[in-house]
Amino acid sequence: MSAVVSLRDVHKSFGAVEVLKGVTFDVGPGEVTAVIGASGSGKSTALRCVNALETINSGEITVCGHKIHDPALDRRALRRDVGIVFQSYNLFPHLTVEQNIMLAPRSVKKLSKSDARALAHEVLEKVGLADKAESYPEQLSGGQAQRVAIARSLAMKPKLMLFDEVTSALDPQLTGEVLRVMEDLARGGMSMVLVTHEMAFARRVANKVVFMHKGKVQEEGPGAMLENPQSQELRAFLSNGL
Amino acid sequence: MMPLNLAQFEYLAHGALWTVGLSLIAFVGGSVLGFIVALGRISTNRLIRLAAATWIQIIQGTPLLVLLFLLYFGIAILGFDKLPAIISAGAALTVYSSAFLAEIWRGCLQSVPKTQWEAADCLGLNRFQRMFQVILPQALKIATPPTVGFLVQIIKNTSLASVIGFIELAQAGKVVNNAIFEPLPIFLIVACFYFAMCFPLSMWSRSLERKLHVGSR
Ligand SMILES: Nc1ncnc2c1ncn2[C@@H]1O[C@H](COP(=O)(O)OP(=O)(O)OP(=O)(O)O)[C@@H](O)[C@H]1O
Ligand SMILES: [Mg+2]
């Protein structure tokens, strides 16, 4: 079966600075790919390119059959297939949890109010926050907010989920609840790409680990790769405790 | 002993009504035009951004008095003389308000974090939905106090419309004063009228501001 995400020799510069210097990797259907690497190595940029939030300078990216590098890309169709969750949750502060989740299904998929509400409760159940439907984002803890952000994405029934360091802003005792939700998703067969600093999580949940170093994929392999790093760079990265 | 008779007082009250009317025209017209200019200022199209910025710069750099003369005599030269002064005055104040409201609202729209646009985009909302369902509701909350504050400025600025013969509150005061020459009581009454219009708005604006600060911990 063909890959859900495939990057081929992707180059991306901001001004004169080349941030991605020929990135290539694939994500198979139902697979979880963890992208790791030092700060500034281009992980977020790669993820943003996958979701067409940045335009690439050269190379090819295909996501769920959509050619991201194609100027004629149908962004709306892409958005229907891909969900993304950011480190900073980005919930809409003027809407309740339930309204946050209902907004896109109602506006984009034209679901009726009652269908959208049922859907909101279904996804909230999935992230264990059914009782927070009426709360506003500011009333939530970081872990709860992030789970709502995940639920909001899931409500659009994406085929692929992208996560950019979704636990990095959280207190250590709150990361567990978010990682559990992601692990459930992975076990449910969702294709996922996650940028993460949680090495233990990557080792346990990811089918594949991609180690980025200075804008390139330095090393990739199964989770076990983290126990037996081949390259000097990965060894250094892992021993630095990050 | 009241120096004004009832008819003169009514004349002032009538002028006050015109001040309210002109303020409303300026505010409604200025809001519609100003909102369009504000959207233009944050457009993704460079030319539209430039056009909106130029509009704001030119209008903000021109005294209202000059705008009033320009529109009054300009319209007359174009062959539409005998237009009621309220049209020229309303147009000048609309143009004037549009530039200031656009700039206030641009700031409010831009103070909503970019990540909110991005989150809405990633959920599949189109530009229109992003603007009206995500950005505008948040900007509105920030925009209300300075907008109400500007409304007070508009009310006071309507007094300049007297230069093109529009009889609003200040001009009515002058007319009555020309008849009976009792400037102090007359203009005290005029000031009271202005105060009665502006003070509640100022209070409202201030209370909105307080609420906003409490709400945004
Ligand atoms: N919009 C931008 N404009 C200019 N430079 C940028 C932009 N976004 C990222 N960069 C630069 O690109 C490089 C890679 O950034 P990126 O955010 O992809 O790194 P990262 O691997 O996600 O790091 P971190 O672990 O800190 O999140 C950095 O040097 C960063 O300063
Ligand atoms: Mg990053």
Side-chain angles (χ1 to χ4, degrees), chain A residues 44 47-48 50-54 63 74-96 99-111 116 123 136-139 145-146 148-158 160-164 169, chain B residues 31 35 38-39 42-49 104-148 204-205 207-217:
Chain A
S44 298
L47 203 70
R48 292 173 60 82
V50 165
N51 206 18
L53 290 168
E54 309 283 357
V63 177
D74 180 354
R75 290 177 70 95
R76 279 179 78 78
L78 173 72
R79 294 284 177 255
R80 270 198 298 275
D81 290 341
V82 183
I84 187 167
V85 183
F86 301 97
Q87 181 176 338
S88 53
Y89 337 130
N90 303 351
L91 295 177
F92 305 132
H94 61 296
L95 300 178
T96 63
Q99 291 166 338
N100 261 277
I101 298 172
M102 290 166 65
L103 179 61
R106 293 210 66 199
S107 303
V108 181
K109 292 193 169 167
K110 310 296 176 202
L111 250 58
V123 291
Y136 279 89
E138 62 170 16
Q139 298 167 317
Q146 196 57 290
V148 170
I150 294 173
R152 185 174 68 173
S153 257
L154 290 179
M156 292 302 279
K157 309 226 184 286
L160 167 72
M161 284 288 290
L162 309 174
F163 298 89
D164 190 359
Chain B
S31 295
F35 183 63
L39 291 186
I42 59 168
S43 164
T44 45
N45 182 314
R46 275 194 62 207
L47 274 176
I48 296 178
R49 270 204 318 271
I104 292 173
W105 293 342
R106 176 197 61 81
C108 296
L109 287 169
Q110 286 183 333
S111 72
V112 178
K114 257 197 139 92
T115 50
Q116 291 282 310
W117 285 98
E118 207 166 85
D121 174 19
C122 289
L123 286 167
L125 274 68
N126 62 33
R127 287 171 60 81
F128 189 82
Q129 294 166 332
R130 273 176 258 166
M131 184 54 147
F132 284 90
Q133 303 194 42
V134 175
I135 305 303
L136 215 54
Q138 297 183 54
L140 212 62
K141 205 172 127 185
I142 315 167
T144 311
T147 304
V148 174
W204 187 38
S205 163
S207 90
L208 284 171
E209 220 155 320
R210 254 197 310 275
K211 259 187 230 150
L212 194 63
H213 277 289
V214 173
S216 66
R217 273 164 289 181

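Naming: A, B, ... by sequence-line order, numbering from 1 per chain.
- To the nearest 0.5 angstrom, B/Leu123 atom CG is 10.0 Å from A/Asn90 atom CG.
- Of all the listed residues (A/Met156, A/Arg75, A/Arg152), the one sharing the greatest number of non-hydrogen pairs under 4.5 Å with chain B is A/Arg152.
- In this structure, no portion of A/Leu78 lies under 4.5 Å from any heavy atom of chain B.
- Atom CZ in B/Arg130 sits 12.0 Å away from atom CG in A/Leu103 (nearest 0.5 Å).
- Between A/Phe92 and B/Ala119, the shortest heavy-atom distance links the atoms CE2-CB, 4.1 Å.
- Judged by distance alone, the side chain of A/His94 and the main-chain N or O of B/Leu136 form no donor-acceptor pair under 3.5 Å.
- Heavy atoms of B/Gln129 lying under 4.5 Å from chain A belong exclusively to its side chain.
- In terms of heavy atoms, B/Asn126 sits closest to A/Arg76 at CB-NH1, 3.5 Å.
- For A/Val82, the part lying under 4.5 angstrom from a heavy atom of chain B is the backbone only.
- A heavy-atom distance below 4.5 Å is found between the side chains of B/Glu118 and A/Arg48.
- Residue contact with chain B, scored on non-hydrogen atoms closer than 4.5 Å, involves the side chain of A/Phe86 exclusively.
- At a threshold of 4.5 Å between non-hydrogen side-chain atoms, the residues B/Cys122 and A/Leu53 count as touching.
- Rounded to the nearest 0.5 Å, atoms OG (A/Ser107) and CZ (B/Phe128) are 11.0 Å apart.
- By the 6.0 Å contact criterion, CH2 on B/Trp204 is open, its count of non-hydrogen atoms from other residues, nucleotides or ligands being 12 or less.
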* **B/Leu125 and A/Arg79: CA distance, side-chain angles, deciding distance, side chain to side chain contact (heavy atoms under 4.5 Å, CB included) verdict** => CA-CA 9 Å; B/Leu125 274 68; A/Arg79 294 284 177 255; over 6 Å; no
